[in-house]
Amino acid sequence: MRYEGDIYSPHIAGDDYILQCTIGCSHNQCTFCYMYKNKKYRIREIPEILQDIELAKEYYGDIEKVFLADGDALSMPTEDLVTILDCLYDTFPTLTYVGIYASAVSILDKSLAELEELQKHGLVEAHLGVESGDEQVLRDIRKGVSRTEMVQAGRKIKAAGINLFVTVIVGLAGKTPKAQEHAKKTAQICNEIQPDYIGMLTIIVQPGTELYEKSQQGEFEVPEKMEILEEMRLMIQDMELNHSGITSLHPSNCIYLQGLLPEDKAQLMRTLTQIIDNKDVSQLRSRDTEKV
Ligand code: SF4
């Protein structure tokens with residue numbers, strides 16, 4: 001298959017065929033993000049993308065899941081995305097899922113009618129990096145949108161009937177008193193958005209990022225494993241969700257949790273509390289702090 005540079009897709013959708021619609025990320029300024037640093041953002045030409053779909057058919061045969069990358073594939077014009085969706089469903093009769101990376105800016109740039117059109121043409125799920133519900137943290141990491149805009153973007157995806165998967169990053173406020181506030185406000189923003197799924201990640205400081213420079217200058221320190229667990233527990237404790245999946249299966253985490261909220265909240269809290277109270281690091285896995 002033809003790809004330009006490193007390719008990322010959510011771990012939750014690891015078996016997908018990844019179709020590169022954009023190269024890089026339209027924002028590319030988040031201080032912690034290393035994924036597209038070496039790519040200059042551009043939207044690929046439609047004939048090129050349609051040719052890739054033909055190649056995928058030859059290579060994979062029938063497939064069930066496709067993920068549209070790179071960082072912010074929703075930044076493409078809506079009519080182009082409709083063309084891609086139609087071609088995918090025509091080419092793969094067994095296709096049941098198309099997911100996409102979507103930034104808050106790209107979501108807000110589209111009208112609700114445009115997002116509804118994408119849903120009608122088979123866009124099943126959007127992945128939005130919320131990262132934090134703390135306004136100051138969002139500013140510090142140069143997320144490019146305010147907390148209010150993030151909530152609007154998340155709610156708009158849901159209003160269009162598209163499933164919403166958000167990521168939140170534990171440890172993003174560093175090893176500071178602000179960590180608790182970050183955890184509590186991140187729970188609150190999830191409560192306001194009511195996403196279908198929440199993916200918890202733990203901060204990774206990668207060389208080449210602004211956060212790495214800060215850490216080298218002593219301005220940012222990654223919390224210890226137990227502090228990370230305490231942040232996770234605080235987040236889950238304050239989450240009041242009607243029906244959301246939650247997972248920490250991403251390899252950046254030192255613990256794998258998975259469940260439904262509110263149903264599994266007590267169990268998830270018990271698991272975390274047991275490890276924290278016993279200071280039992282033996283149950284924790286090594287965090288994968290390489291590119292994941
Ligand atoms: S975190 Fe997302 S929006 Fe921010 S630079 Fe990376 S890919 Fe772009």
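Read the numbers this way: they start at 1 and go in the same order the structure lists the ligands and their atoms.
- Within 6.0 Å of atom CD in Glu213, more than 12 heavy atoms from other residues, nucleotides or ligands are found, so the atom counts as buried in its surroundings.
- Not one N, O or S atom of Cys33 sits under 2.8 Å from atom 4 (Fe) of ligand 1.
- Contacts between Cys30 and ligand 1 below 4.0 angstrom, taking non-hydrogen atoms only, involve backbone and side chain alike.
- Counting heavy atoms from C-beta on, the side chains of Leu74 and Leu115 come closer than 4.5 Å.
- Taking a 6.0 Å sphere around CD of Glu79, one finds it holds 12 or fewer heavy atoms contributed by other residues, nucleotides or ligands.
- Expressed to the nearest 0.5 Å, how far CG of Leu261 lies from CD of Glu263 amounts to 8.0 Å.
- For atom 5 (S) of ligand 1, the nearest protein heavy atom (residue, atom name, distance) is Asn28 CA, 3.4 Å.
- Taking 4.0 Å as the cut-off, Tyr101 does not count as a neighbour of ligand 1 on heavy-atom distance.
- Of all atoms in ligand 1, numbered sequentially from 1 with element shown, those under 4.0 Å from a heavy atom of Phe32 are 1 (S).
- Contacts between Gln29 and ligand 1 below 4.0 angstrom, taking non-hydrogen atoms only, involve the backbone exclusively.
- Atoms of ligand 1 lying under 4.0 Å from at least one heavy atom of Tyr36, given by number and element, are 7 (S).
- Residue Lys143 holds the heavy atom nearest to atom 2 (Fe) of ligand 1 of all those in Lys143, His27, Arg142.
- Taking the six-membered ring where the residue is Trp, Phe165 and His127 present parallel rings, their angle staying beneath 30° rather than reaching 60°.
- Within the model, atoms OG1 of Thr202 and CD1 of Ile228 stand 5.0 Å from one another, a figure rounded to the nearest 0.5 Å.
- From His27, atom NE2 reaches atom SG of Cys33 across 9.0 Å, with rounding to the nearest 0.5 Å.
- The nearest protein atom to atom 8 (Fe) of ligand 1, hydrogens excluded, is given as Cys25 SG, 2.3 Å; this is a heavy-atom distance.
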